[in-house]
Amino acid sequence: MGPEAAKKNWVGKPLPRKEEDRLLRGRGKFADDIKLREMLYLRFVRSPYAHAKIVSVDVSAAEALPGVVATLTGAELAPQVQPFIEIAPDPGGKIKDYALAVSKVRYQGEPVAAVVAESPSLADDAAELIQVEYEALDPVIDGEEALKDASILHEEAGTNRVWRGVFEYGDADKALKEAAYVVNIDRMHFHRFSSTPLENNVVIAQWDPKDERIYYQCNNSFPSFAIQFLAAHLQVHIDRIRVQTSDIGGSFGIKITTYPQMAVCAMASKKAGGRPVKWVETRSEHMTSSAHGNERTFRDTRVALDKNGVITAIVSRHIDDCGAYPRYEPLGCVIWSQVFPGVYRFKNARIDFSQAVTNKCPVGPNRGYSRMQHLWFLERVVDICAHELGIPPDEMRLRNYIRPEEFPYTTPNGCVYDSGDYPKMLQVAKGLIGWDDWKKKQAEARKQGRVIGIGIGTTLDSGTNNFGQSQIVNPGAPFSGNSQGANCKLDIYGEVVVAVGSCPQGQGHETTAAQVVADVLNIHPDLITVRTGFDTERNVHTGFSGTYASQFAVSGLSAVHGAAQKLKAEMKRLASSVLNTKEDDLEFGAGAQGPEVRARSTGKSINYWGLANIVNVNSAVLPVEMHDVTLNCRYIWRAPFKVPDTVKKYGSLTLTYASQLHIAVLEIDRETFIPRILDYVAVDDCGTVINPGIVEGQVYGATAHGIGAALMETCVYDAVGNMLTSTFSDYTPITAMNMPKVKYGHTETPSPHSYSGAKGMGEGGAAPIHTVSAALQDALFADGIFIDDSFNNADSLFRAMVGKEISQAKQLVRVERRT
Amino acid sequence: MPETIEKVAIRLKVNGKPHSLQVEPRKLLVELLREDLDLTGTHVGCDTTYCGACTVLMNGAAVKSCTMFAVQADGAEILTVEGLEKDGKLHPIQAAFGDSYGLQCGYCTPGLMLSTAQLLANNQQPSDAQIRKAIAGNTCRCTGYQNIFKAIQRAAQTVKGA
Ligand code: FES
Ligand code: FES
């Protein structure tokens, strides 16, 4: 490579992804592709009931089947393990959670027993032979109903309310008293859905009797969290557990909470004499029992506004439904408050937040986790108020947005928004969609009886959590701050090798990490090897390592950058001694002998092979004062967080705030009631962009998830807790036929909180859900129809427009006008 | 359930290579490809013929290999993702997906590329609507399809130009 190439600044370039080649050739290594010697296959037996007592489990027929090696039941497992750690304080903390149901089942699809056999089909056959007798109990399907405690899921806890907390800032009552308008909204509801990665969960576990270690190859996306839960549950030293991931077929947060299945596979392997056990989840298992996103109901909302439509206070009661077991929850009870005021300036608020267990699949982090529910709520409030007060929705937003000159902006609950320019994003988005034109077309179409709406959604994607927020939920929780590890080394022959504690699922970490190191060392990214996947044995993970919560661009790349800097400093010391010159005489780049360090004054150089040689295999020539040089540099990046004030629920909860502004134009067909998107714009601001191609791809992906969730994808349960959308054919993930063309735009406000100015991104704040709801609201407000649910399809629109079954503005929204 | 299931002898060509195998009648084509032939580039994403992660070409037509028994492929010629490249060089469809950021996790990609191969074999100037229809049976959860549309257009151009 010529010196030309070496001069390039690699960060900021749309470099092709390093991951691509193997994936395109069908040589990706996904967990299900792995076969081990003597491997056995595991199947779960799952509950057909949502809520029932287990009377008996009979495994004898299954065990008698040739080829079956072992069975496991909850009753057998429980005495050998500790219940999983609960993050909730009491009463939620009293819940006893095991990987296989012990005396009762609490959702349809809950694992009751497991069987391992010599082949997958034998395991299937054997699972059918396991007889379980149940005694049905009253199911509780709705979060608000659950809080009445008529039928209790977890007797140990004594209540279905896992957690309750009041988030209060400023003086909302005073603001309500002094308001020119008070808008009352009775009830709104954010539906349950899942981002359903295309690859299902997979676990291969081996509890090896030779060294008493547990080896996992799997696609869990937050392994350092999983090992903390597993070690305590299985009562083993945490270093006994090795977790490796390779290519992962999407996660979107859903693959964080697979530690119960991981536990069962390990115990099954132990019982099978240490043979490796593989479990490959089917899609219907995934739909009924992997993880769903949080469902939330917003009750008794009161919004105070001044005479100009500026919101001065919001008071509301929120009920979050976390399904049968809280697991990663109740972190969702506080994570929404990272974006407490959304993009708006109001200072006074009181949110009374409860979380309830119900007889449905447990929830887990799902792209946009816990914040999108709240952001949707705020966007609905803004739109409903705008329409009621007769203020155009764009104007309403401009009056209420946090202003560009106010950044860094401290929210009422102490979060610091690093940077942003929402009015500019609105302007860019309006330009891209042709706002004025559409407004005209909309008016004309209305005259012809067509129903068209134009909606805006403004959201935030908060990235790099302060885990100290767990202490707001449970002051005894031993977590705070955030960190990520990386290692950068010259290998024995001088190759640059980078390892990071993340486990990407298509976000291109191998590429972006190489871009960062390439800039530090001033060499081509192709000369840098970035290790694929996660491995506890690389020793670069901290307790927070994984890939989740929109943070790699900040935490991951900061760690990589730190490790590369450390390596560079060592290389400088060594080269200055070898080349007999001062460190500031040295320059990095590539020469005839490959990557090298050069002395400007003499033109002499030493290449990476030479440096690595001295340290690794020719160490007698290494000067004594350089014996601490390893050229193998581990760096831990730590976010600059403090523990939040847990009483006032106040503090900095996340480091970066990427923002999204979407606009949708949508028409509801008068005959079929099918909503169709006519035009769509997505504008994104994630600070300094590391790789524009990757960022744009993440925006499109998040947009499809949001549009799918708004119009097509919902987890439906019937009154007794049967899940009615347990296959893709029922759940209908968005396809190429339903995905509109998206016009992409971007603005850039660099973050002062990350070394590169980048902000974490990838979750996208679920902007399309808010935007589609806004467009529907805009289309239907004139008919007195009020969009009170985040999910709307032809069926619900038919009922709203013809049956008038859906809540109507007149009943559900009441405005007190005091001017 | 019968104690032993009688196996059936089948012959087929996969990526140009002939195979004769004994398979259980209930074995799916995708299982044969992944388990018996170790061609793990073909994936499984659902159990109701929705997602197309398992798409392969059978005698030139795109089929969902999770919805066919292996015995139904007796005598057939199958093309999987592993058979797309030639002498180590990427097929134009593979190159176009790579160049257009047409993949993220890559789990759906093999199936999508084979649906694309079928489309372009019959139509080298597909319209936007024809592209959408050709991949209607392929779910991608990562890319939002936008860059896949671009990739297919780009591939059409190279295939046409070739
Ligand atoms: S796995 Fe074949 S269609 Fe989904
Ligand atoms: S790239 Fe992940 S499913 Fe398509």
Side-chain angles (χ1 to χ4, degrees), chain A residues 14 16-17 19-30 32-33 35 66 120-121 125 128 195-200 247-252 280 282-284 505-508 693-694 696-705 707 727-730 732-737 739 741-742 744, chain B residues 1 3 5 24 26-27 31 34-35 38-51 53 80-85 90-91 93-95 97-110 113 128 131-149:
Chain A
R17 301 189 322 154
E19 296 78 350
E20 234 76 293
D21 194 67
R22 63 173 185 271
L23 295 172
L24 287 168
R25 292 177 196 268
R27 290 193 206 140
K29 188 167 139 195
F30 294 93
D32 187 21
D33 302 344
K35 250 191 222 170
S121 42
D125 295 342
E128 279 177 28
S195 299
T196 58
L198 191 57
E199 176 201 38
N200 288 299
D247 288 316
I248 297 182
S251 166
F252 318 114
V280 181
T282 65
R283 180 54 61 183
S284 21
Q505 316 106 29
Q507 298 91 339
I694 290 175
E696 195 177 329
Q698 287 291 319
V699 170
Y700 290 144
T703 303
H705 266 135
I707 292 176
T727 70
F728 263 2
S729 303
D730 301 299
T732 61
I734 190 164
T735 71
M737 297 299 276
M739 185 62 199
K741 189 167 162 28
V742 176
Y744 168 76
Chain B
M1 158 204 3
E3 286 293 292
I5 301 166
E24 273 188 28
R26 67 171 166 178
K27 175 165 266 166
E31 293 168 349
R34 291 181 52 84
E35 304 300 329
D38 218 17
L39 294 170
T40 52
T42 304
H43 298 143
V44 175
C46 73
D47 32 32
T48 53
T49 322
Y50 187 92
C51 77
T80 72
V81 62
E82 289 90 345
L84 278 175
E85 63 186 77
L90 293 182
H91 186 282
I93 296 176
Q94 290 172 307
F97 269 74
D99 294 342
S100 313
Y101 290 90
L103 61 152
Q104 287 178 25
C105 78
Y107 198 76
C108 66
T109 318
M113 293 193 299
D128 181 58
I131 290 177
R132 285 171 185 265
K133 199 156 171 229
I135 59 164
N138 292 86
T139 307
C140 173
R141 295 257 73 184
C142 302
T143 63
Y145 303 104
Q146 309 294 309
N147 290 339
I148 293 177
F149 299 148

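Residue numbers begin at 1 in each chain, while the letters A, B, ... track the order of the sequences. What you see below is based on every heavy atom in this structure, not just the backbone, and it leaves out hydrogens, waters and symmetry mates.
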B:Y145 vs A:Y700, side chain to side chain contact (heavy atoms under 4.5 Å, CB included): CA-CA, chis, key distance, verdict:
CA-CA 8 Å; B:Y145 303 104; A:Y700 290 144; over 6 Å; no
The test is side chain to side chain donor-acceptor pair (under 3.5 Å); show your working for B:R141 and A:T196 and say whether it passes.
CA-CA 7 Å; B:R141 295 257 73 184; A:T196 58; 2.5 Å; yes
Run B:R34 and A:D33 through side chain to side chain contact (heavy atoms under 4.5 Å, CB included) and show every step you take.
CA-CA 8 Å; B:R34 291 181 52 84; A:D33 302 344; 2.8 Å; yes
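No side-chain heavy atom of B:Y107 sits under 4.5 Å from any side-chain heavy atom of A:I248. In this structure the side chain of A:M739 reaches within 4.5 angstrom of the side chain of B:Q146, judged on heavy atoms. Within the 4.5 Å cutoff, the side chain of A:R283 has no heavy atoms near those of the B:T48 side chain. Side-chain contact between B:T49 and A:F728 is absent, with no heavy atoms from C-beta onward closer than 4.5 Å. Contact check for A:L24 versus B:L103: side-chain heavy atoms found under the 4.5 Å cut-off.
With respect to B:E85 and A:R27, a salt bridge is recorded, a charged nitrogen being found less than 4.0 Å from a carboxylate O. Ion pair B:D128/A:K741 not flagged as a salt bridge, since none of the NZ, NE, NH1 or NH2 atoms sits closer than 4.0 Å to an Asp/Glu carboxylate oxygen.
Of the two parts of A:E696, only the side chain, counted from C-beta on, holds a non-hydrogen atom closer than 4.5 Å to a non-hydrogen atom of chain B. With a 4.5 Å cut-off on non-hydrogen atoms, A:I734 touches chain B through its backbone and its side chain both. Residue A:D21 touches chain B through its side chain alone, counting heavy-atom pairs closer than 4.5 Å. Within the 4.5 angstrom heavy-atom criterion, no atom of B:E31 approaches chain A. A:D247 does not touch chain B: none of its heavy atoms, backbone or side chain, sits under 4.5 Å away. Contact of A:Y744 with chain B is not made at all, since no heavy-atom distance falls under 4.5 Å. At a 4.5 Å heavy-atom cutoff, the contact between A:T282 and chain B is made by backbone and side-chain atoms alike. In this structure, chain A has heavy atoms under 4.5 Å from both the backbone and the side chain of B:T139.
Top candidate by heavy-atom pairs under 4.5 Å with chain A, chosen from B:G98, B:G137, B:G83, is B:G98. In terms of heavy-atom pairs under 4.5 Å with chain A, the best-connected choice from B:K27, B:H43, B:K133, B:R26 is B:R26. Ranked by heavy-atom pairs under 4.5 Å with chain B, the first of A:A702, A:G697, A:A704 is A:G697.
In A:K35, the NZ atom is crowded: over 12 heavy atoms of neighbouring residues, nucleotides or ligands sit closer than 6.0 Å.
Defined by atom type and a distance below 3.5 Å, a donor-acceptor pair is missing between the side-chain atoms of B:D47 and A:T727.
B:C105 and A:G250 get closest at one heavy-atom pair: CB-N, 3.5 Å. Heavy atoms only, all atoms of each residue included: B:C108 and A:L198 are closest at CB-CD2, 3.4 Å.
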